[in-house]
Asks: 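First the structure, then my questions, so here it is.
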Amino acid sequence: MYKEYLTVKDIIGPLMFVEDVEGITYGELVQVKLNNGDVRYGTVIEVEERLALVQVFEGTRGISPENAKVKFLRKGLEIGVSPDIVGRIFNGSGHLIDGRPNIIPKKRLNIHGHPMNPYARDYPNEFIQTGISAIDGLNPLVRGQKLPIFSGSGLPHSRLAAQIARQSKVLKTGEKFAVVFAAMGITFDEANFFISDFKRTGAIERAVMFINLANDPSIERITVPRMALTVAEYLAYELDMHVLVIMVDMTNYCEALKEISAARKEVPSRRGYPGYLYTDLSTIYERAGRIKGKKGSITQIPILTMPEDDKTHPIPDLTGYITEGQIMLDRGLNGAEIYPPIDVLPSLSRLKDKGIGKDKTRDDHADLLNQLYSAYARGKNAKEISVVIGESALSPVDILFVNFSERFEKEYICQGEYEDRTIEDTLNIGWKLLGIIPRAELKRIRPEYIEKYYRETPI
C-alpha cells in the first residue's frame, strides 16, 4: 500500500511542497486526490531531507493544503508502448485524442529513458532524403544526426516541418521508417493544420504525434519531448525502425522551463533562463543516434523560433553547441516569396560529408555542393557591390555570378510545398544552374565530374 500524506505545506504556481515525507526519490510519479474526488498527477522535481517538491501536470487550480491527499507511487512517469502506437495521436499528458480505441501496451517505459553508453554509439553515416533541395543538396541530413532548424516568428517553419515529416525517407529499400512528431505550445490552428495535413497526405500511417496546445498546462511541455523520444527509442531499438523525431517549438519548451524555474525561486542565469538550460537541453538532444549492433536509429530535427531573430539568444546559442549544425530560415527570402526560405550560407550540416558520395547519394555530390556554395556566395557578394557602386563596375563574369545567384534562389532553393525532389533531381538542377558559369570558373569540382555532368546553359 502507498502511504498517503496530508502534509502539503505550500502551493506556488504548478508546484506543491509536501513535508514530512520519507523514502521519496527524484522523478517519482505522484497522485494528488482532492476532497471532491478529482485526481491529478505530478512528479517529484526536488527532494531535500523530509521535504518534496512536486510538479503537478494538470496545474494546481482548486488545490489547497487542506483538501489534498498525496501519494508517491514509487515509479517514474511512464508511457505505454506497442507496435500499434504508430499512426496514433496523443496529447501532452500521453492520452490518446484521435477518437480511436485505446492501445493495449506491451510494456510501459519511463519517459526519461536510459543514458546511452558513449562507447556503444555508432557513427552517423547514412543519407536521409527529405525531398527539399536546400537540405538534401547543400546541408544533408544523416541518419542518427541532430540537425535543428532556426526560424523566427511568422516564418513558415510549421509548413516546412510538415513537409519534412511527409517526405523523409531512407534510400535503402525495405527499411522501416517512422516519424515521431512532438508539438509544444502551439495554437489550435497550428495543431489542426498538422493533424489534417498528416491525415490528408497519409503521413499519419507512419507517424506518432504528440500535441500540446498553448492553453494546455505549460508543465506538459516539459514532458512532451521526453515522451516522444521514449516512443522513438522503442521503435528504433526494439522494432528496428529508422525514426525521425521532429520537435516544434523548442522555444516554448524553454519558456516553460523558465516559468517553472521562476516558481521554484531559483537564481536566474542569462535572460532569466535557469543556469541548467544547457544540461536540460542536452538530455533531450543527446537521445538521438545509432547504437552498435542495432539496426534502428533516431534522427532529430528540433525546430525553434529565435526571439527577436537573435541567433545569440540562449536557446539557439546552446542548441548550436549541442547539435551538429543548423538550418537557418531567412525573412528576406520569405519576403521574396521563396519557399522554403532557407538561407544556405549560414546553414551547416557538420556531418554532411559522412552521408554523401558514391553508394550513398552520387559520386559528384560533395564537389557539386562546394561549388554551389562558392558560386552563390560570390554572386550575392557581387550583387551587394552593384547596389553600392552600380552594375557597371562589375566584370562580365561577376554579372554571370549575379544571374546565377538569382536563379539559384528561384529554381534550386525555391520549390513547391508538396514537391518531393529526389536527390538525383536536386543534383541535376544544381548542374543545370552551374551551366550559367564558364567552365574555367568551376574550380571546386574535379575535371572528371565536369566532363561527365557539365553542360553550358544559355542565360
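In this text the structure is predicted, and so the values were computed from the model without any measurement.
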Asks: Suppose we screen for salt bridge (Lys or Arg N to Asp or Glu O under 4.0 Å). Which residues come up paired with D343, at least two apart in sequence or across chains?
Replies: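 Once residues adjacent in sequence are excluded, D343 has no partner under the salt bridge (Lys or Arg N to Asp or Glu O under 4.0 Å) criterion.
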Asks: So, do I298 and R287 sit near enough that their side-chain heavy atoms are less than 4.5 Å apart?
Replies: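 Counting from C-beta outward, I298 and R287 never come under 4.5 Å.
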Asks: Is it the case that the side chain of T323 and the backbone of L147 share a donor-acceptor pair, with hydrogens and angles ignored and the cut-off at 3.5 Å?
Replies: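 Flag not set: sc T323 to bb L147 has no pair under 3.5 Å.
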Asks: Do T187 and D189 get their side chains close enough for a donor-acceptor pair, meaning under 3.5 Å?
Replies: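 There is no such pair between these side chains.
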Asks: Might you confirm whether atom OH of Y276 has over 12 heavy atoms from other residues, nucleotides or ligands at distances under 6.0 Å?
Replies: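 Atom OH in Y276 is crowded, with more than 12 foreign heavy atoms closer than 6.0 Å.
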Asks: Testing the 3.5 Å rule here: is there a donor-acceptor pair between the side chains of T283 and D280?
Replies: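 On atom types as modelled, these side chains do not qualify, holding no pair under 3.5 Å.
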Asks: Just checking, any donor-acceptor pair under 3.5 angstrom between side chains of Y373 and N139?
Replies: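 Per modelled atom types, Y373 and N139 side chains form a pair under 3.5 Å.
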Asks: When you measure from the side chain of S297 to the backbone of G144, do you find a donor-acceptor pair of N or O atoms at a distance under 3.5 Å?
Replies: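 Not at all, since once roles are kept as given, no pair shorter than 3.5 Å links the two residues.
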Asks: Do R331 and P341 come close enough that some side-chain heavy atom pair is under 4.5 Å?
Replies: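 Of all side-chain heavy-atom pairs linking P341 with R331, none is under 4.5 Å.
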Asks: Out of N212, I222, L304, which one pairs with Y253 under the side-chain contact (heavy atoms from CB on, under 4.5 Å) rule?
Replies: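 The single option meeting the side-chain contact (heavy atoms from CB on, under 4.5 Å) with Y253 is I222.
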Asks: Where is the tightest heavy-atom contact between D420 and T130, given as atom of each residue plus distance?
Replies: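 So the two residues come closest at OD1-O, 4.4 Å.
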Asks: Counting only N and O atoms by type, is there a donor-acceptor contact under 3.5 Å from the side chain of T426 to the main-chain atoms of I423?
Replies: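 Side chain of T426 to backbone of I423, a donor-acceptor pair under 3.5 Å: no, none is there.
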Asks: Mind checking whether V32 and V8 have side chains closer than 4.5 Å, heavy atoms only?
Replies: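 Answer no - side chains too far apart.
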Asks: Can you tell me if NZ on K352 sees more than 12 non-hydrogen neighbours from other groups inside 6.0 Å?
Replies: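 More than 12 within 6.0 Å, yes.
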Asks: Taking S282 for its side chain and T279 for its backbone only, find out whether a donor-acceptor pair lies under 3.5 Å.
Replies: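 Checking the backbone N and O of T279 against the side chain of S282, a donor-acceptor pair under 3.5 Å is found.
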Asks: Looking only at heavy atoms, which two atoms of T230 and H112 are closest? And how far apart?
Replies: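 Looking at all heavy atoms of both residues, the closest pair is OG1-N, 4.4 Å.
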Asks: Does any part of the side chain of M227, heavy atoms only, come nearer than 4.5 Å to the side chain of E220, both counted from C-beta?
Replies: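 Of all side-chain heavy-atom pairs linking M227 with E220, none is under 4.5 Å.
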Asks: Can you confirm whether or not the ring centre of Y273 sits under 6.0 Å from the ring centre of H313?
Replies: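 Judged by ring-centre distance (under 6.0 Å), Y273 and H313 do meet the cut-off.
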Asks: Is a donor from one side chain sitting under 3.5 angstrom from an acceptor on the other, for R421 and S133?
Replies: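 Side-chain D/A pair, R421 to S133: present.
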Asks: Do R166 and T201 meet the criterion of a side-chain donor-acceptor pair at a distance under 3.5 Å?
Replies: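 Not at all, the side chains of R166 and T201 share no donor-acceptor pair under 3.5 Å.
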Asks: With a cut-off of 6.0 Å (strictly less than), are more than 12 heavy atoms of other residues, nucleotides or ligands near NZ of K265?
Replies: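 Atom NZ in K265 is not packed in, count stays at 12 or less.
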Asks: Could you check whether Y418 and Q163, counting side-chain N and O atoms only, form a donor-acceptor pair closer than 3.5 Å?
Replies: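 Their side chains do not contain a donor-acceptor pair, so the 3.5 Å distance test is not met.
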Asks: Can you tell me if E48 has over 12 outside heavy atoms packed within less than 6.0 Å of its CD?
Replies: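 No - once you tally the heavy atoms of other residues, nucleotides and ligands closer than 6.0 Å, there are 12 at most.
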Asks: What closest approach, in Å, do F181 and A161 show between heavy atoms, and which atom pair accounts for it?
Replies: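 Heavy atoms only, the tightest pair is CE1-CB, 4.2 Å.
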Asks: Under 3.5 Å, is there a donor-acceptor pair between the Q129 and T422 side chains?
Replies: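 On atom types as modelled, these side chains do not qualify, holding no pair under 3.5 Å.
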Asks: Are L257 and L281 packed together at the side-chain level, in the sense that at least one heavy-atom pair is separated by less than 4.5 angstrom?
Replies: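 Counting from C-beta outward, L257 and L281 never come under 4.5 Å.
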Asks: Return yes if some donor-acceptor pair links the side-chain N/O of S374 with the main-chain N/O of N370 below 3.5 Å, else return no.
Replies: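 Not at all, since once roles are kept as given, no pair shorter than 3.5 Å links the two residues.
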Asks: As a test of understanding, state which of T43, L77, V44 forms a side-chain contact (heavy atoms from CB on, under 4.5 Å) with E28.
Replies: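 The passing option is V44.
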Asks: In sequence, state the C-alpha distance, the side-chain angles, and the governing distance for I63 and D38, and then conclude on side chain to side chain contact (heavy atoms under 4.5 Å, CB included).
Replies: CA-CA 10 Å; I63 301 178; D38 286 352; over 6 Å; no
Asks: So do the side chains of V56 and E58 get within less than 4.5 Å of each other, counting heavy atoms only?
Replies: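 The answer is yes; the side chains approach within 4.5 Å.
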Asks: With a sphere of 6.0 Å drawn around CZ of R200, does it hold more than 12 non-hydrogen atoms of other residues, nucleotides or ligands?
Replies: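 More than 12 heavy atoms, drawn from other residues, nucleotides or ligands, come within 6.0 Å of this atom.
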Asks: On the 0 to 90° scale, with breaks at 30° and 60°, tag the Y376-F408 ring pair as parallel, tilted or perpendicular.
Replies: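 If you compare the ring of Y376 with that of F408, the planes turn out tilted.
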Asks: Is the side chain of Q145 donor-acceptor paired with the backbone N or O of E324 at a distance under 3.5 Å, no angle test?
Replies: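 Side chain of Q145 to backbone of E324: a pair is present.
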Asks: Taking the basic N atoms (NZ, or NE/NH1/NH2) and the acidic carboxylate oxygens, is any pair closer than 4.0 Å for R121 and E286?
Replies: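 The answer is yes: the pair qualifies as a salt bridge.
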Asks: Between R206 and K176, is there a donor-acceptor pair closer than 3.5 Å when you use the side chain of the first and the backbone of the second?
Replies: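 Flag not set: sc R206 to bb K176 has no pair under 3.5 Å.
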Asks: Name the orientation class of the two ring planes belonging to F210 and F90 (parallel below 30°, tilted from 30 to 60°, perpendicular beyond 60°).
Replies: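 If you compare the ring of F210 with that of F90, the planes turn out parallel.
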Asks: Are any of the side-chain heavy atoms of K311 and Q326 separated by less than 4.5 Å?
Replies: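 Answer no - side chains too far apart.
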Asks: With a 3.5 Å distance limit and no angle check, can you tell me whether T60 reaches the backbone of G13 through a side-chain donor-acceptor pair?
Replies: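 Checking the backbone N and O of G13 against the side chain of T60, a donor-acceptor pair under 3.5 Å is found.
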Asks: May I ask you to check whether over 12 heavy atoms, not counting those of K169, lie within 6.0 Å of atom NZ?
Replies: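 Atom NZ in K169 is packed in, count exceeds 12.
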Asks: Any pair with a residue in residues 148-160 that passes salt bridge (Lys or Arg N to Asp or Glu O under 4.0 Å), sequence neighbours left out, goes on the list, sorted by first then second residue, please.
Replies: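 Matches after skipping sequence neighbours: R159-E417.
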Asks: Looking only at the side chains, is there a donor atom on one of N252 and R221 sitting less than 3.5 Å from an acceptor on the other?
Replies: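 Judged by distance alone, the side chains do not pair up.
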Asks: Check this for me: R444, atom CZ, are more than 12 non-hydrogen atoms of other residues, nucleotides or ligands nearer than 6.0 Å?
Replies: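 12 or below, so no.
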Asks: Taking all atoms of both residues into account, what is the closest heavy-atom pair of I301 and L141, and its distance?
Replies: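 Closest heavy-atom pair between I301 and L141: CD1-CD2, 3.8 Å.
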Asks: Is the terminal nitrogen or CZ of K432 (NZ for Lys, CZ for Arg) located under 6.0 angstrom from the six-membered ring centre of Y412 and within 45° of that ring's axis?
Replies: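 K432 over Y412 ring: no.
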Asks: Indicate yes or no: at least one non-hydrogen side-chain atom of P148 is less than 4.5 angstrom from one of Q300.
Replies: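 A side-chain contact is absent here, since even the closest heavy-atom pair is not under 4.5 Å.
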Asks: When you check the gap from the basic side-chain N to the acidic O, do D310 and R271 get nearer than 4.0 Å?
Replies: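 Between R271 and D310 there is a salt bridge, with a charged N closer than 4.0 Å to a carboxylate O.
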Asks: How far apart are the closest heavy atoms of E233 and G113, and which atoms are they?
Replies: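 The answer is OE1-CA, 4.0 Å.
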Asks: I'd like to know if the side chain of R40 reaches the main chain of G59, judged simply by a donor and an acceptor atom lying under 3.5 Å from each other, with no hydrogens or angles considered.
Replies: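 Indeed, once roles are kept as given, a pair shorter than 3.5 Å links the two residues.
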Asks: Measure across G131 and D136 and return the closest heavy-atom pair with its distance rounded to 0.1 Å.
Replies: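 Result for this residue pair: N-OD2, 2.8 Å.
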